[in-house]
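If you're wondering where the values come from, they're calculated on a predicted model, not measured in any experiment. Start at 1 with the first residue, then count along the sequence.
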Amino acid sequence: QVQLVESGGGVVQAGGSLRLSCVASGFTFSNLAMAWFRQRPGEEREFVAAISWTGSRTRYTESVKERFTISRDNAKNTMYLQMNGLKPDDTGAYYCAATRRPLHPTHYSAQGDYDYWGQGVQVTVSF
């Protein structure tokens, strides 16, 4: 089965940077569309970013568009989320997600669009 493992979380001051990684196994990585979700304290899990099979197409939620960059290295079965200019409101648990379907042009931002999930990694941004 597809397994996803996140890493790279931690504590950083506002304005700082972190890079999250998600390593996938159990399926051909290049045929997995990937995404990052997060769950901020007291809120529902929300979409952050998504990337197509080859990385040619990416999608972001508006609040992170100019600060976060999603990428992938298919040779390493790894997806990344480079987070710059972090804000305290970015604090939360970040989850890696995947689907065997191609990244849909419109249906890519709901939890139900993805079939596999990592365990989550904590990101804490201090004032």
Side-chain angles (χ1 to χ4, degrees):
Q1 64 177 10
V2 175
Q3 297 183 46
L4 307 173
V5 179
E6 304 99 330
S7 63
V11 180
V12 65
Q13 292 185 335
S17 299
L18 285 173
R19 189 177 77 158
L20 305 183
S21 298
C22 173
V23 178
S25 62
F27 196 78
T28 303
F29 185 69
S30 60
N31 290 137
L32 290 174
M34 307 290 294
W36 289 98
F37 286 72
R38 70 185 179 189
Q39 188 165 13
R40 296 181 286 178
E43 300 187 14
E44 298 291 322
R45 193 171 300 184
E46 64 181 326
F47 170 79
V48 176
I51 190 166
S52 60
W53 287 350
T54 64
S56 61
R57 293 182 291 121
T58 59
R59 299 288 186 270
Y60 299 91
T61 192
E62 190 67 28
S63 64
V64 310
K65 264 186 176 178
E66 298 181 7
R67 300 183 296 121
F68 292 8
T69 302
I70 189 171
S71 63
R72 66 192 297 162
D73 185 341
N74 286 354
K76 296 182 178 180
N77 290 353
T78 303
M79 174 184 65
Y80 305 95
L81 185 67
Q82 179 67 47
M83 304 184 292
N84 298 326
L86 284 163
K87 305 174 181 179
D89 197 45
D90 294 317
T91 292
Y94 283 69
Y95 296 86
C96 176
T99 176
R100 295 179 182 178
R101 299 179 294 275
L103 188 67
H104 196 277
T106 57
H107 294 87
Y108 58 82
S109 61
Q111 293 183 63
D113 295 328
Y114 301 90
D115 307 302
Y116 309 102
W117 295 85
Q119 80 289 346
V121 62
Q122 181 67 31
V123 171
T124 301
V125 184
S126 64
F127 287 93

(request) Spell out, yes or no, whether F37 and L32 are grouped together once hydrophobic residues are joined by side-chain heavy atoms under 4.5 Å, including indirect joins. (result) no
(message) On a heavy-atom basis, which atom in T54 and which in R72 lie closest, and how many Å separate them?
(response) C-CD, 4.2 Å
(request) Applying side-chain contact (heavy atoms from CB on, under 4.5 Å), run through I51 and Y60 and close with a yes or a no. (result) CA-CA 9 Å; I51 190 166; Y60 299 91; over 6 Å; no
(message) Any heavy-atom pair between the side chains of D90 and R38 that's under 4.5 Å?
(response) yes
(message) Minimum heavy-atom separation for P102 and A33, please, with both atom names.
(response) C-CB, 4.2 Å
(request) Give, for atom OG of S63 and atom NZ of K87, the distance between the pair rounded to the nearest 0.5 Å. (result) 7.5 Å
(request) Would you give the length of the straight line joining atom CG of N31 to atom OG1 of T99, rounded to the nearest 0.5 angstrom? (result) 11.0 Å
(message) As a quick check of understanding, evaluate side-chain contact (heavy atoms from CB on, under 4.5 Å) for E6 and Y94, giving each step before the final call.
(response) CA-CA 8 Å; E6 304 99 330; Y94 283 69; over 6 Å; no
(request) Mind checking the CG-CH2 spacing from N74 to W53? Nearest 0.5 Å is all I need. (result) 11.5 Å
(message) Nearest 0.5 angstrom please: S25 OG to Q1 CD, how far?
(response) 9.0 Å
(request) Give a yes or no on this: more than 12 heavy atoms of other residues, nucleotides or ligands lie within 6.0 Å of atom CD of E44. (result) no
(message) Quick one, L4 and M34 - any side-chain contact, counting heavy atoms below 4.5 Å?
(response) yes
(request) Output all residues satisfying side-chain contact (heavy atoms from CB on, under 4.5 Å) with R57, sequence neighbours left out; order by chain, then residue number. (result) S52, R59, L103
(request) Would you indicate whether the side-chain heavy atoms of D73 and Y80 approach each other to under 4.5 Å? (result) yes
(message) Let's go through T91 and Q122 carefully: what are the C-alpha distance in whole Å and the side-chain angles of both, what is the deciding distance for side-chain contact (heavy atoms from CB on, under 4.5 Å) to 0.1 Å, and is it a yes or a no?
(response) CA-CA 8 Å; T91 292; Q122 181 67 31; 4.0 Å; yes
(message) Walk me through whether V123 and L20 qualify under side-chain contact (heavy atoms from CB on, under 4.5 Å).
(response) CA-CA 9 Å; V123 171; L20 305 183; 4.0 Å; yes
(message) If hydrophobic clusters are built from ILVMFWY residues whose side chains come within less than 4.5 Å, do I70 and W117 share one?
(response) no
(message) So, taking the atom named NE2 in H104 and the one named CG in D113, what distance separates them when rounded to the nearest 0.5 Å?
(response) 8.5 Å
(message) As a test of understanding, state which of Y108, Y114, Y95 forms a ring-ring contact (aromatic ring centres under 6.0 Å, His included) with F47.
(response) Y108
(message) What's the separation between atom CG in L86 and atom CD in Q13, rounded to the nearest 0.5 Å?
(response) 11.5 Å
(request) Using the rule that two of Ile, Leu, Val, Met, Phe, Trp, Tyr join whenever any of their side-chain heavy atoms come within less than 4.5 Å, decide whether F68 and V12 are in one cluster. (result) yes
(message) Hydrophobic cluster membership, with links at side-chain heavy-atom distances under 4.5 Å among I/L/V/M/F/W/Y: are V121 and M79 in one?
(response) yes
(message) Please give me the minimum heavy-atom distance between S17 and G85, naming the atom from each residue.
(response) OG-N, 4.3 Å
(message) Could you tell me if the side chain of M83 sits less than 4.5 Å from the side chain of V64, heavy atoms only?
(response) no
(message) If you define the side chain from C-beta out and look only at heavy atoms, does anything of R100 sit under 4.5 Å from Y116?
(response) yes
